[in-house]
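Numbered from 1 within each chain, the chains take letters A, B, ... in sequence-line order.
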Amino acid sequence: MVFLNLLENIRSKTDEILEAKNCEPVKFSVESAKPGFGDITCNVPFLLSKQLKKSPQEISRELSEMYNFDDMPQIKNVESHPSGYLNFSIDYTKFNDLVIGLSLQENYGTLEFGNNEKIVVEHTSVNPNKALHVGHIRNIILGDVVSKILKKANYDVKILNYVDDSGLQVADIIVGFTELGFSQESPNNEKFDHYCGDTVYVKTTEKYESDKELEGKRHEILKQIEDRTSEVSKIAQTITRKVLNEQLKTVWNLGVFYDCLNFESQIIHSKLWETIFEKLKSDNQIKYENEGDNSGCWVIPADGEDDKILVRSNGVATYIAKDIPYAAWKLGLVEDPFHYKIHSTQKNSQTLYETTLEGDNKLNFSGSKVITVIDNRQIRLQKIVSGLMAKFKEEGAYTHLGYESVTLSADTVKSLGLSVDGESAQMSGRKGLYVNADTVLETLTKRVYDESKSRNENLSESELQNIANIVAVGTIRYEMIKPDLDKIITFDLKNSLRLEGDTCSYIQYSYARASRILEKTDVKPNFNSAFKLLSSEYEKNLIKKIAMFDVHVNDSVNNLSPKVIAKYSYELAVTFSSFYEHVKVLASETTELLNARLCLVVSFQKTLKTSLGLLGIDAPERM
RNA sequence: GGACCCGUAGCUCAGCCUGGAUAGAGCGGGUGGCUUCGGACCACCAGGCCAUGGGUUCGAAUCCCAUCGGGCCCUCCA
């Protein structure tokens, strides 16, 4: 910890001063100051104004006299600003050594939040009947980055992907295969998930319009899928597995990996629901309706809303009745009915497990906390689930990490050969209104490849491919993480190809430039030296930005907010770019200064790499 | 009808959780900058009644209420 420590020390010093003055405790802030107002700022004079019946300015003056930084050499002084703030200045002649030293450590920015507590993150959870589209990417990347941030905060994170292999959407493509005669092999080597989504699913649901009898078939098929011994169920198993495996390839290409796949069909089969159902009844969490619209149903009350039906009058459980046992399983509230077997070895060579009802291999993928990443359209249901879990466990044990959906811009819709009313449109699998994740990644990779090739004459084919991949994946990730969770992302194919300004490639470029500096000199940075020579504004700004990494990690963990790290990475890159432009490292006047600056460049690189690493983005040496 | 989310520069957004100094970026527009580490860059200019109206407060883009505009959810569908 660097900056957080500094803030914490100033805070406790301030607390001591307030105590000495016999003040009532107040909740004041100590935070990094805006440029021109010192380095660190505290607003406590404003908050004491009423209590002490003095102006903030007066209090500020009084307090500023009472600080003593003998045990905090990194703080130079504190000044009382005419506005009333207390502004602290950093003594960079001391601060530099501390920051540069710590930034080299492997665990730089790591915080102790989790105590190695087990926490489950579930994300992706896409029906295995189609290819992933840009909307799914937001879910996947958010889930992945949140897991990485939690790991950085020392949680033991288990990542799950729930495979809904027995829903109506799956039944729809099975109808296509069994009733409409679609081939179970994709034509022309088309990726199987694309074939199922783009052709079978769209064509089948289209046919429902004109063929009501066919539409009735889907429910029949759905029933047969749920009977694991049926022929249809076996076809469904084969098809969904094939689609899932293609989906996983896409996900792996984005650098996302899981610990375990959970199949809905097995959850249904495991009778977990029956266990939970009894528990809900005996705990009086649900009630049986004898009259009214819901007569004959088991319902669960939702505050401020209509009751939600859990079990229909015909005795069949609704879909939310699948979510509840699964949530309870994730929290380890029920005896684990599953065994585990290896599904595959992922692209990063990490083993991926899957649930199975056979075998005897026991593993544990539950956690004392659970985070479920699902878009905000499901917020109502997720509230019911988390409300129930709070009653079984404790408040906050089950968290729904929600986010707004991804829509398509009018231009992008038109490029798909479809029409729109407004400026954007919700994606729809049925209407074929979506952009596949693979398509986006391929288009972007090509774009980066061309760009990089035009800038580098002497790079080999494999180097270019590697750069294109790193930058393309980074760009998609960055664009998905950067906006607030509550903001709709309007995806525009053309706009997504931007590589200038506030983009991932800008950030990565700053890293590549740093690499060039280090490469062009024979001097090996010697960190066993003093860095007080780094005294220009550009150098101090960069050091301060490097130091503030932990502040942002802290913020992003506390608020489960990945975008904080995206913003920090960009700011760090901007600060370096300015330094790069104004401080000519290799033209340094003395060897001491050259060495100090080279060390700063290394420090920057390490910090940026770690920060980007939390976003799952690679930093290229050259691009 | 009920629930939730959004509204900040021409456009896309940050800041709002945790109220405080001069409301920040990027794109687009305008100007300047490579005989010096890579121009995917840097430096600068123009552009804002922070949707509207009330309230709380010494102080509101930020908290509360209402209104308007946009989105989304609310099936014995999954």
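Comparing A:Leu86 and A:Val316 along RNA chain B, the residue whose closest nucleotide (by nearest heavy atom) sits nearer the 5' end is A:Leu86.
B:rA14 sits 31 Å from B:rU56 when the P atoms are compared, rounded to a whole Å.
OP1 or OP2 of B:rC77 has not a single side-chain nitrogen or oxygen of A:Lys308 nearer than 4.0 Å. Between A:Arg377 and B:rC5, a side-chain N or O to OP1/OP2 separation shorter than 4.0 Å is absent. Put simply, A:Tyr506 has a side-chain N or O that comes within less than 4.0 Å of OP1 or OP2 on B:rC42. Of the side-chain N and O atoms in A:Thr503, none sit less than 4.0 angstrom from OP1 or OP2 of B:rG26. In this structure, A:Arg312 reaches the B:rC77 phosphate: one of its side-chain N or O atoms is under 4.0 Å from OP1 or OP2. Considering only side-chain N and O atoms, A:Lys487 lies nowhere under 4.0 angstrom from the phosphate OP1 or OP2 of B:rG71.
Using a 5.5 Å limit on the distance between ring centres and a 30° limit on the angle between planes, the aromatic ring of A:Tyr85 counts as stacked on the six-membered base ring of B:rA21.
Residue A:Ser313 places a side-chain atom within donor-acceptor reach of the base of B:rC76, judged by atom type and a 3.5 Å distance cut-off alone.
To the nearest angstrom, C1' of B:rC6 lies 10 Å from CG of A:Asp484. Taking atom CG of residue A:Leu542 and atom P of nucleotide B:rC42, one finds them 14 Å apart after rounding to whole Å. Rounded to whole Å, the distance from CG on A:Leu594 to C1' on B:rU36 is 14 Å.
The pair A:Arg597-A:Glu539 meets the salt-bridge criterion, since a charged nitrogen lies less than 4.0 angstrom from a carboxylate oxygen.
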**Request:** Run the numbers on A:Phe576 and A:Tyr511 for ring-ring contact (aromatic ring centres under 6.0 Å, His included), then give the verdict.
**Result:** CA-CA 9 Å; A:Phe576 176 79; A:Tyr511 185 90; 9.2 Å; no
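Each of A:Ser125, A:Ser265, A:Pro128 was scored for a side chain to side chain contact (heavy atoms under 4.5 Å, CB included) with A:Val163, with one residue passing: A:Pro128.
No side-chain heavy atom of A:Asn139 sits less than 4.5 Å from a side-chain heavy atom of A:Asp375.
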